[in-house]
Chemist: 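Pasting a structure below so you can have a look.
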Amino acid sequence: LRIPEVYAQNFNNVIPNISLANGFSGIGIGGQLNNVNPVYTFRDDFAFQRSNHSLKAGFEIIRAQKFSTSYDNMQGSFNFNSNATGHSVADFLIGEAFQYTENEIHEKGYFFNTDYEMYFTDDWKVSRNLTLNIGLRYYIIEGGNGGAEKYDRISTFHPAVFDPARAPQVTRAGGELVPGTGDPLNGIITGSDRRGLDVPRSLKKTHFDTIGPRFGLAYSLPGRRTVIRGGYGLNYFWGANNNEGRQTNIPFSRSASIFNTRLSDPAAGVARVFPPEVGSVETENPVPTVHHWSLGIQREVASNLLLEVAYAGTRGTHLSRGGQLNQPLPGTVVAGVSANAVRPYLGYGSIGYTEGSAASRYHGLEVHALRRFSGGLLFEASYTFSKALGDTEGAPQDSRNKRLDWGLTDLDRTHMFTFNYIYELPFFKNGRGPVGVVLGGWQLSGITTFQSGLPFTVGISGDRAQAGGGAQ
């Protein structure tokens, strides 16, 4: 069987994907990816003691490389939806397809980014009862997670360079591009053509104000049976603002969409040109930040029995999440109107957007009791009463009002109690002979956990908001 293709580059020489309606499974291997991800780390640490100060300093350089080629849909995909005969399998057997799509070759992406980190800490024993931990860590995250591409073959959509007057025309009912109208690269910047914007080749700014202080203390009250501990730290990390895949954006890749065609000659159908979908990135690239603090008191309340009560909190800012730049206004996608015809940035379909606008918050009361092993018994009990709030990691339902998706995170558990124990059975403990060997020395142990359930999201099927989306 020889099925011709629109574009010649089917490098892996695989069969096209076949999707069938009426509940039947499809045929094909789906997407393919060739990926190499070498990471080089250079680091050195220094430690020295001076009087009552334990000093440490060091640096780390992480050079990450990613060489990636996506072969997604280069073999083409046929969709049989019962349009010809009333049954998808019959359509497939006679070779009458409703739609055929195919992507052109995706150039291999060579991505490079570098993370520089330097730190200094001082464990200062102020007195017999007081120890302070003071530190500072400095980050320079150049290129973020997947930075500049070696040959500048990446692009992103930027609203600042989009000109509505140069937007292509889009048919109202079908959502197709009108040939010969507008600028097909309206609002697009590339690694080599940033349209005058103050952004580097990686299309993501590098920030140099990423200083992370740390502070901790341990204070033993008179009597040395009670200890107070606390601390604070500010941390930064790469996040998920990744450039991998942006070499598949326009103008570096093309795709074909052909309707009412045949399995034996997909190019013979009716070609329709729809607005391209673009993967976009926030060029300001704020660095994801996490603040963490805690304060607790521990006391030996009885021989071999410790009790600790603590509070812990975390606050995350500039966290990465998905978004949709080109979402139609609610109530505009009605019968006879395509979503592509009423999008804010005409000439484009979906514009997936990775941005650093999400936040999170956690507060927890932690109670912990430990009985050291004595008299044949050890047990440990922990209880946490907490709440974790945050923005959704995926695209918010309303891109113009992202705070509507603020709520309990997927990991929130209000109550959690864990109890573990080891108990030496006293029977035949000191027994001799066969009876002592077989029945002596047994232990009873276990771990028991009681916890609240995870939160769930209530949804409703269909585009009730008439904004071109799915379930809400």
Chemist: Going by the angle between their ring planes, with limits at 30° and 60°, are F157 and Y348 parallel, tilted or perpendicular?
Modeler: perpendicular

Chemist: Between the side chains of H368 and E380, is a donor N or O closer than 3.5 angstrom to an acceptor N or O?
Modeler: yes

Chemist: Flag the pair F450 / H415 as yes when their ring centroid distance falls below 6.0 Å, and as no otherwise.
Modeler: no

Chemist: Mind checking what makes salt bridge (charged side-chain N to carboxylate O under 4.0 Å, His left out) contact with R153, not counting sequence neighbours?
Modeler: E107, E149

Chemist: Which class fits the ring pair F162 and Y345: parallel under 30°, tilted 30 to 60°, perpendicular over 60°?
Modeler: perpendicular

Chemist: Give every residue pair that meets the ring-ring contact (aromatic ring centres under 6.0 Å, His included) criterion with at least one member in residues 45-68, sequence neighbours excluded.
Modeler: H53-W124, F67-Y110, F67-F112

Chemist: Just checking F215 against Y232, ring centres under 6.0 Å apart?
Modeler: no

Chemist: Please enumerate all residues that pass side chain to side chain contact (heavy atoms under 4.5 Å, CB included) together with T384, with sequence neighbours excluded.
Modeler: Y362, E366, S386

Chemist: Will you find, in the side chains of H158 and T283, an N or O donor that is under 3.5 Å from an N or O acceptor?
Modeler: yes

Chemist: Tell me which pairs pass salt bridge (charged side-chain N to carboxylate O under 4.0 Å, His left out) where either residue lies in residues 398-415, with sequence neighbours left out.
Modeler: E355-K402, D391-R403

Chemist: Whether K125 and D123 form a salt bridge (side-chain N of Lys/Arg under 4.0 Å from carboxylate O of Asp/Glu) is what I want to check.
Modeler: no

Chemist: Under a 3.5 Å cutoff, is there a donor and acceptor pairing between the side chains of Q99 and S257?
Modeler: yes

Chemist: Please lay out, stage by stage, how R224 and N129 fare under the test side-chain contact (heavy atoms from CB on, under 4.5 Å).
Modeler: CA-CA 8 Å; R224 307 186 65 82; N129 295 343; 3.2 Å; yes

Chemist: Looking at E117 and R137, is there a salt bridge between them, counting it only when a charged N and a carboxylate O are closer than 4.0 Å?
Modeler: yes

Chemist: Is there a side-chain contact between I351 and Q324 in this structure, where contact means two heavy atoms from C-beta onward sitting under 4.5 Å apart?
Modeler: yes

Chemist: Test side-chain contact (heavy atoms from CB on, under 4.5 Å) on V290 and T314; report intermediate values, then the result.
Modeler: CA-CA 7 Å; V290 176; T314 299; 3.6 Å; yes

Chemist: Output every pair passing salt bridge (charged side-chain N to carboxylate O under 4.0 Å, His left out) with a member in residues 44-62, not counting sequence neighbours, ordered by first then second residue.
Modeler: R43-D45, R43-E60

Chemist: Between the side chains of R321 and S357, does any donor sit under 3.5 Å from an acceptor?
Modeler: yes

Chemist: Listed by chain and number, what are the side chain to side chain contact (heavy atoms under 4.5 Å, CB included) partners of T114, not counting sequence neighbours?
Modeler: I61, R63, Y116, E142

Chemist: Do N133 and T121 come within less than 4.5 Å of each other through their side chains, counting heavy atoms only?
Modeler: no

Chemist: Mind checking whether Y119 and Y138 have ring centres under 6.0 Å apart?
Modeler: no

Chemist: Mind running side-chain contact (heavy atoms from CB on, under 4.5 Å) on N113 and W238 for me, showing each step along the way?
Modeler: CA-CA 10 Å; N113 60 279; W238 284 356; 3.5 Å; yes

Chemist: Which heavy atom of N326 sits nearest to which heavy atom of G349, and what is that distance?
Modeler: ND2-O, 2.8 Å

Chemist: Compare all side-chain heavy atoms of V126 with those of T131 and state whether any distance is below 4.5 angstrom.
Modeler: no

